[in-house]
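The basis for the numbers below is simple: all heavy atoms, side chains too, and nothing from hydrogens, waters or symmetry mates. Residue numbers start from 1 in every chain, and the chains themselves are labelled A, B, ... in the order their sequence lines are given, proteins ahead of strands.
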Amino acid sequence: MPMLEQAMIQAKGFRNAGSGEERTGFEVRIRSPYYRGTWTNLIDGVRVEVDGETFPSESIVWSIEGTDYTAGDLRDSETARWPLTAPATLRVPKPGGLSVGIHDVTVALSFRMSYIPVELQPQTWTASRKATIVR
Amino acid sequence: MPMLEQAMIQAKGFRNAGSGEERTGFEVRIRSPYYRGTWTNLIDGVRVEVDGETFPSESIVWSIEGTDYTAGDLRDSETARWPLTAPATLRVPKPGGLSVGIHDVTVALSFRMSYIPVELQPQTWTASRKATIVR
Amino acid sequence: MSTEPAFKLGVSLYSYTGDFGVVMDLEDCAEDIADLGATGIEILGEGHILGYPELSTAWIDGWHALVERLGLTPTLYGSWLDTRRHLDRSMTVEEGTAQLTLDIELASRLGFSFVRPKIGVVTGDLVPDPIWSEVVERNLDLAHDRNIVICPEIHWPTSIRSQAVDDYLALIERTGTTSFGLLIDTGVFQLSHHRRTEPGLRSQLGTGDIPAFPTPPVVPVNDLRDVMDQVVYFQAKFHEIDDQLVDRYIPWAEILDVVAESGYTGWLSSEYEGDRIPYRASDQLRRQHALIRTLAPSRVGALA
Amino acid sequence: MSTEPAFKLGVSLYSYTGDFGVVMDLEDCAEDIADLGATGIEILGEGHILGYPELSTAWIDGWHALVERLGLTPTLYGSWLDTRRHLDRSMTVEEGTAQLTLDIELASRLGFSFVRPKIGVVTGDLVPDPIWSEVVERNLDLAHDRNIVICPEIHWPTSIRSQAVDDYLALIERTGTTSFGLLIDTGVFQLSHHRRTEPGLRSQLGTGDIPAFPTPPVVPVNDLRDVMDQVVYFQAKFHEIDDQLVDRYIPWAEILDVVAESGYTGWLSSEYEGDRIPYRASDQLRRQHALIRTLAPSRVGALA
Ligand SMILES: [Mn+2]
Ligand SMILES: [Mn+2]
């Protein structure tokens, strides 16, 4: 089991998607801040921000252990899981991608915990870091 | 390759030696603060302190990958090595051992670096921590 | 006078939440537990089983080899009844029953003796989803066959004198089962609330202005005496033991008095829930076990 | 105009000294290097080979599989001539020769093209132990057979205009060898000294009152032009690149001007030597490569 970086937003895996002039977006890799893996329909949404630009949950495609999921796929599956130690890659559409250099990245991730009063739900973890696009 | 704790003095492996009324001393486990493994005859000595009591290098027996070495053994061997990722257990004689509870532990470890002017040698790394004897 | 307590000391892998997958893997955690002198190991099924809910033969073999090598006894397997998986409806009895059956089977194959289903709640004061009793009852025969005791967790801010505990005890009364009992999380006795830090994370409950978590009165340790007969397991929840080996949050001396007096010989399984800073759990677990081992003999001695 | 520089970018595992064996193993480091877009991997023989100096077949096979999977080229293998192993005498030519032979053979079996022996010094101003030239000469045929270039490292506070560099160049002149050349550590061009922190460690050089490390004058990057013909490898030493992607310690634009102008097509192998805080190397390496990739095309373009 390879170890992940301590930060929720990993330095590894932050990159442009597509190549050359054809940049279609970017990817950011996260590890789960929760203490267990979950059925994906307990994920209540994710929000990505880069340099102040917000990318909403419905625009983002998750990749977990080689399988891609839209927000709807996560919600509708009865069997899909996000294992505790499997990083998730968030594919974020953005024509042209991100510039080479250092960016301010924020990810806000929400889960529905069944064992906490519903008035106090969802539970949202938010992490921010500077992360670098190398090329 | 199991990962070691970040601190030079490991929490794991700090314990009394011998059993019951027959405590003969204690053990403290360290990882190398250097960036490479070395021939053991580059180790210039180690000093252990617990709660202000100092245990000199010549009294301490090293255990590296299952083999025990006195200070003299480390110095005299032409082939023995302390690999970078192998923790060393320092066996320290102290009749009665240490009391159950939290102790102030300091380890000062010296190497001779051949590539630094001899006037600036040896190089000594010193680490301190609180560590717990459980039983 | 023995210097070993009558109860047994274990550690839950939950304790290593700040480390697991980051600076420690399953084997590292198990080795740390053995190194600190505990003999029981508790896991979270959905947290620590690679590939849950499918177990590979290799993983099962590796698990058994690991605990045998280290002389550890698998104690409790933590599971969940995730009643909020669907946005438009709650969990059915059938779904809940299937989930608990799945976890009991997995726990059994890994050699555990206890399964704790964490049950979803339906009110602000933490009343468990009413499906719980039928879900449990439908699994009692299986649990009995597998030598597993199902134990719901009494967890702060639920207190011992509560409707939930009364309902759990009523099930035992009604069915006469020996495959169901109480798990007490010692966090219920907390004297004040520890505010945990998680480096690099902000955590929020709810959206916008939300009601504060209820602040229950401090639960007297004495309440524990009333239910000790039905307690099958303790999670020895703690948050911070200071440099003088003092825990300002959990009254260990009082708890160990009741535990020793009752003749309890089961597990105290440590759940470190303090700051989630890597390596802190290993250090704090050693402090807690040194503290318990220091306190316990005199408690036992007081009874002799 | 190409956006890729003519030289190649690699990373030395030395960069991960704050991580290796703690939060990253060899595979994690290699994956990080590939992830950040570098194509060369440099190791320290005594640091990163499990079981050094004995190589198991499994380790060798694992190494080749790892670099092939990640598309990485083994670049340089760092070795040492530890002239102070004995308290009562220095190293003999025979001992030094055997050590370098050992490392060349290991490097060759792992597919490396360069071996850097770090040579012990005999004076306060860093004159290498005189055994070095005979030790190297006795290994030149072997190095040639193994397609390995031996390259001593020009490392701060040694400067380019120094007796050591003159002596190295004289060996090339004298022997006509193509199996020996200069390794420039870009730390020689540092504009000021970075004081590294290592969490939890105090480091002291010598005993008691000791002379301060010599403070050499800043080495002009222009000096590099004089020796570029004999430079076979760069260790792209750096310490800290700030949030604005600026390195206040190493003058990258000037260095890349000379490198590009020379037509150098070899490796720039990153050596992060800043604060040894876990995860910092991964972040700083990405910053350095972003900086070099940003600067390099305009440098190349200026020549076109
Ligand atoms: Mn608990
Ligand atoms: Mn260097």
With rounding to the nearest 0.5 Å, note down the distance linking [atom1] in [X] to [atom2] in [Y].
{"X": "C:Thr17", "Y": "A:Tyr34", "atom1": "OG1", "atom2": "OH", "answer": "10.5 Å"}
{"X": "A:Gln6", "Y": "C:Asp19", "atom1": "CD", "atom2": "CG", "answer": "9.5 Å"}
{"X": "A:Tyr115", "Y": "C:Glu153", "atom1": "OH", "atom2": "CD", "answer": "10.0 Å"}
{"X": "C:Leu87", "Y": "A:Asp76", "atom1": "CG", "atom2": "CG", "answer": "9.0 Å"}
{"X": "C:Leu201", "Y": "A:Ile9", "atom1": "CG", "atom2": "CD1", "answer": "9.5 Å"}
{"X": "A:Tyr35", "Y": "C:Glu198", "atom1": "OH", "atom2": "CD", "answer": "11.0 Å"}

Between [X] and [Y] (side chain of the first, backbone of the second, donor and acceptor by atom type, cut-off under 3.5 Å), is there such a pair?
{"X": "A:Ser114", "Y": "C:Gly120", "result": "no"}
{"X": "C:Arg85", "Y": "A:Glu78", "result": "yes"}
{"X": "C:Arg84", "Y": "A:Arg112", "result": "no"}

Region of [X] that comes under 4.5 Å of a non-hydrogen atom in chain C:
{"X": "A:Pro83", "result": "neither"}
{"X": "A:Ala127", "result": "both"}
{"X": "A:Glu65", "result": "neither"}

(Q) Taking atom CD as the centre, does C:Glu94 end up with more than 12 heavy-atom neighbours from other residues, nucleotides or ligands that are less than 6.0 angstrom away? (A)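 Buried by this count: over 12 neighbours within 6.0 Å.
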Q: State whether the number of non-hydrogen atoms from other residues, nucleotides or ligands found under 6.0 Å of C:Arg195 atom CZ is greater than 12.
A: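 No, the 6.0 Å shell around CZ holds no more than 12 heavy atoms from other groups.
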Q. Who wins among A:Thr85, A:Asn41, A:Leu4, A:Thr40 for the most heavy-atom pairs under 4.5 Å with chain C?
A.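 So the answer, after comparing A:Thr85, A:Asn41, A:Leu4, A:Thr40, is A:Asn41.
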Q) Which one of A:Arg81, A:Arg129, A:Gln121 has the most heavy-atom pairs closer than 4.5 Å to chain C? A)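 Most heavy-atom pairs within the cutoff with chain C belong to A:Arg81.
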Please look at [X] and chain A and tell me whether the side chain, the backbone, both or neither of the residue comes under 4.5 angstrom of a heavy atom of that chain.
{"X": "C:Met91", "result": "neither"}
{"X": "C:Glu54", "result": "neither"}
{"X": "C:Leu50", "result": "side chain"}
{"X": "C:Pro128", "result": "neither"}
{"X": "C:Glu27", "result": "neither"}
{"X": "C:Val127", "result": "neither"}

**Q.** Nearest heavy atoms of A:Ser128 and C:Arg202, plus distance in Å
**A.**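 So the two residues come closest at OG-NH2, 4.1 Å.
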Note, [X] side chain near [Y] side chain (heavy atom, < 4.5 Å):
{"X": "A:Pro117", "Y": "C:Asp125", "value": "no"}
{"X": "A:Thr126", "Y": "C:Gln204", "value": "no"}
{"X": "A:Arg36", "Y": "C:Tyr52", "value": "no"}
{"X": "A:Met3", "Y": "C:Val23", "value": "no"}

Q. When you look at C:Ser203 and A:Gln123, which way does the side chain to side chain donor-acceptor pair (under 3.5 Å) test go after all the steps?
A. CA-CA 7 Å; C:Ser203 175; A:Gln123 180 158 5; 2.9 Å; yes
Q: Specify which of C:Leu44, C:Asp25, C:Asp82 makes the most heavy-atom pairs with chain A at under 4.5 Å.
A: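 It is C:Asp82.
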